[in-house]
Amino acid sequence: MPDSRQYVDMLENEYFFTYRQRPSPGEVRSWRESLHALACLLQSAGLTDLEMLVEYQLPMCSLRADVVLAGIHPRTGEPAYVVIELKQWSSGHVIRDSVDLCEVPGVRPRRALLHPVAQVDRYCEYLTDLTHVLDGHPDRVSGAAFLHNAEAADVESLFLAPGADGRLFTSTNRDEFIRFLRERIKEDPAHEAGDALLGSRCSPGRKLMEVAADEILQRRNFTLISEQQKAFSLVLRTLARVQREADGRKEIVLITGGPGSGKSVIALSLMGELSRSGYRVAHATGSKSFTKTLHKEVAHGQNGSGKLFAYFNGFTRARPNDLEVLILDEAHRMRENSNGAPAGSKWAGKRQVEELIDAAQVPVFLLDQHQVVRPGEMGTVEVIEKTAADRGVVVRHVDLDAQFRCGGSRVYEAWVLRLLELESGGSLRWPGDDHFDLQVADSPEQLEALLRDKRDQGFTARIAAGFCWPWSSPNRDGTLVDDICIGTWRRPWNINHPEGVSGLPSSDLWATDPAGFGQIGCIYTAQGFEYDWNGVIMGPDLVWRGQRWQAIKSASCDPVMAGASGEDFDRLIRNTYKVLLTRGMAGTIVYSTDPETRDKLLDFVQGRSGSEPPLHR
């Protein structure tokens, strides 16, 4: 066995090569201590010829399991895998009113943590659901948590959590862990099991709207893992605490995360769980497209479903705490007030954030501050926390740091933020990522052809563009107006009609209806949705000049942007393209109408200028 310094140095180098950043000191310390403890245990167990997949990235997301042991099952002779969650905790206890949340004394800031066995259980389920080599073979995967610094007496309540007994191990029951491993895995001298897992095909998770109805009824399609499950459990625990006190108190749960981090999955899971349990619960957004799609897919357009799926401005007359839980998805789209009157005027009325907080015992805000794309949108962490503080309301905050869209590629997510200078450090070359494909098209014709080919292979695909062309209503004969003209390439926007025409969907259903391909979406119809392959047309409203981006307000045809100041327009247009660039699950193909910008994108993505021959991938 190599000494800890040797393999930790190797891990640090591999981490930097993979993620283009240095691991945190805490992560390095964890590798040094926890991996060494596990390696010593495996040596004692006589399991030294197993493959140890360290920081194994789960398919289609950015979450990583600490260790996956790969070997052979002792009884079946088939491949076997043991997922292990390593913790350096020396003590810990289950939080009251919860079965899967715990606290660790001394951890600052004090916060709820997911029980390590619950965490590893969800890793195993997620891995089984999405990995073809495990499809139909759930017995090939098992999981355990190893708290190597703890004694059993110091984590006694953790053993009482459902499923923890027999799969939670400490320094006290180290021999039991050895027996557990020997029953589930043996050495694989050919080292084929690890290669089979690493080389296995993975399938994307089922699309949000395709399973939303079933999710509300059964909650069986989505596996919540890591911070997602923590957020879900925190809402249930907060509701139990608020109702137990019975003094009219209120608490807020604030869930933040980037595109694809699972906010809407959490929202639907909560809707299913709470509605089945008989709680007064509603779901609200500021997105017409998202709400109408939920109304269609989940409520099937039934009368009265507006009580289940509503808009942020639908709570002006709500009585205080009329609901027990109000789930506020895409809360970054909150407005200053619900009637559209200017802030501070006598007609403005109550602030929208106050209406929403007052409407339920437990308001749940889910937001991404980088998705504020319209003037007047003001849903931020600071606004919610200040409003809560002014009212003496406690805020419980969960940050979803995982990435489930963009193939789980943190590299792509960081690249987009740096590209658009929404994070410091300046734009950087695309380093490539096995989990996500990024291309620059030389023409809109090439962009569409590449996506059509993906669609013909069975993938979902859409093209969205900056709002740089007028948006016409359909002609009287039902034909669409080709508003978007780039050279000889002409295409219509998504349909500006509430019911759609000629068998094509309305703009609100453009992102989810298969017939939406062929029309071009915009920020208002793409935001909140996902598809496998994502085409983005960058218009003349954001161009590269010299060494920086330049926002051109005069190039925008978006009437909503007319009142935005130059500084606001610059911020909003960058956020707009950030949203458009992060809709894809498997890949993004981008095209700019501006030659200089296109050359710069080619340089950023492929390391070449437009004067060089095209790169075919």
Side-chain angles (χ1 to χ4, degrees), residues 256 258-259 285-290 311-313 328 330-345 347-349 351-354 356 365-387 416-427 464-471 521-528 536-583 592-594 597:
T256 58
T285 78
S287 167
K288 181 182 176 185
S289 295
F290 196 72
Y311 297 102
F312 292 156
N313 61 5
L328 302 156
E330 302 219 327
H332 42 267
R333 302 196 67 173
M334 283 191 301
R335 316 291 290 189
E336 177 62 33
N337 54 66
S338 294
N339 60 17
S345 73
W347 298 282
R351 296 174 67 215
Q352 192 171 84
V353 64
E354 295 173 344
L356 298 174
F365 292 88
L366 303 103
L367 64 90
D368 172 9
Q369 298 187 123
H370 284 315
Q371 290 200 51
V372 174
V373 298
R374 285 182 171 182
E377 292 179 344
M378 42 71 69
T380 65
V381 171
E382 291 74 21
V383 165
I384 295 168
E385 288 184 335
K386 184 179 186 309
T387 306
V416 170
L417 291 172
R418 293 273 296 273
L419 171 75
L420 297 171
E421 296 173 357
L422 294 171
E423 285 190 355
S424 61
S427 302
F467 206 149
C468 299
W469 295 268
W471 187 20
C522 69
I523 182 61
Y524 305 124
T525 50
Q527 189 173 26
V536 179
I537 297 175
M538 298 186 69
D541 54 353
L542 186 66
V543 297
W544 185 270
R545 293 292 181 265
Q547 297 298 316
R548 59 183 298 273
W549 290 103
Q550 186 172 339
I552 311 295
K553 186 178 177 182
S554 60
S556 175
C557 292
D558 186 351
V560 174
M561 291 290 196
S565 67
E567 183 177 341
D568 280 347
F569 180 82
D570 181 88
R571 174 179 59 88
L572 294 171
I573 208 64
R574 292 170 193 254
N575 281 350
T576 293
Y577 281 111
K578 184 257 186 181
V579 172
L580 294 182
L581 286 165
T582 52
R583 300 301 92 194
S592 173
T593 60
D594 177 71
T597 306

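Leu420 is listed as a side-chain neighbour of Leu542, based on a closest heavy-atom distance under 4.5 Å. A heavy-atom distance below 4.5 Å is found between the side chains of Asp368 and Lys578. Side-chain contact between Ile552 and Pro540 is absent, with no heavy atoms from C-beta onward closer than 4.5 Å. Between Pro375 and Leu572 there is a side-chain heavy-atom pair separated by less than 4.5 Å. Annotation: side chain of Ile384 is in contact with side chain of Met334 (closest heavy-atom distance under 4.5 Å). For the pair Val560/Tyr524, a side-chain contact is recorded, criterion being any heavy-atom separation below 4.5 Å from C-beta on.
Between Asp541 and Gly466, the shortest heavy-atom distance links the atoms OD2-CA, 4.4 Å. Between Thr525 and Gly521, the shortest heavy-atom distance links the atoms OG1-CA, 3.6 Å. Considering every non-hydrogen atom in both Phe569 and Ala564, the closest pair reads N-CB, 4.2 Å. The two atoms that bring Leu580 and Ala464 nearest to each other are CD2-CB, 3.9 Å, heavy atoms only. Minimum interatomic distance between Ser338 and Phe312 (heavy atoms only, all atoms of both residues): OG-O, 4.1 Å. Considering all non-hydrogen atoms of both residues, Thr597 and Val543 come closest at OG1-CA, 3.3 Å.
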### Message
Working note: Arg545 + Asp594, criterion side-chain contact (heavy atoms from CB on, under 4.5 Å); need CA distance, chi angles, decisive distance, verdict.
### Response
CA-CA 10 Å; Arg545 293 292 181 265; Asp594 177 71; 2.9 Å; yes
#### Entry: Step-by-step side-chain contact (heavy atoms from CB on, under 4.5 Å) determination, Met378 to Arg335
CA-CA 6 Å; Met378 42 71 69; Arg335 316 291 290 189; 5.6 Å; no
### Task
May I have the step-by-step check of salt bridge (Lys or Arg N to Asp or Glu O under 4.0 Å) for Glu377 and Arg333, ending in yes or no?
CA-CA 5 Å; Glu377 292 179 344; Arg333 302 196 67 173; 3.1 Å; yes
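Remark: the backbone N or O of Glu567 is not paired with any side-chain donor or acceptor of Arg571 at under 3.5 angstrom. The main-chain N or O of Leu419 is found under 3.5 Å from a side-chain atom of Trp549 such that the two form a donor-acceptor pair. Listed for the Lys553 side chain is no donor-acceptor partner under 3.5 Å among the backbone atoms of Asp570. Here the side chain of Glu330 pairs no donor or acceptor atom with the backbone of Thr285 at under 3.5 angstrom.
Among residues two or more places apart in sequence or in another chain, the ring-ring contact (aromatic ring centres under 6.0 Å, His included) test is passed with Trp469 by none.
When the options Val381, Val383, Thr380 are evaluated for a side chain to side chain contact (heavy atoms under 4.5 Å, CB included) with Leu367, the one that passes is Val381.
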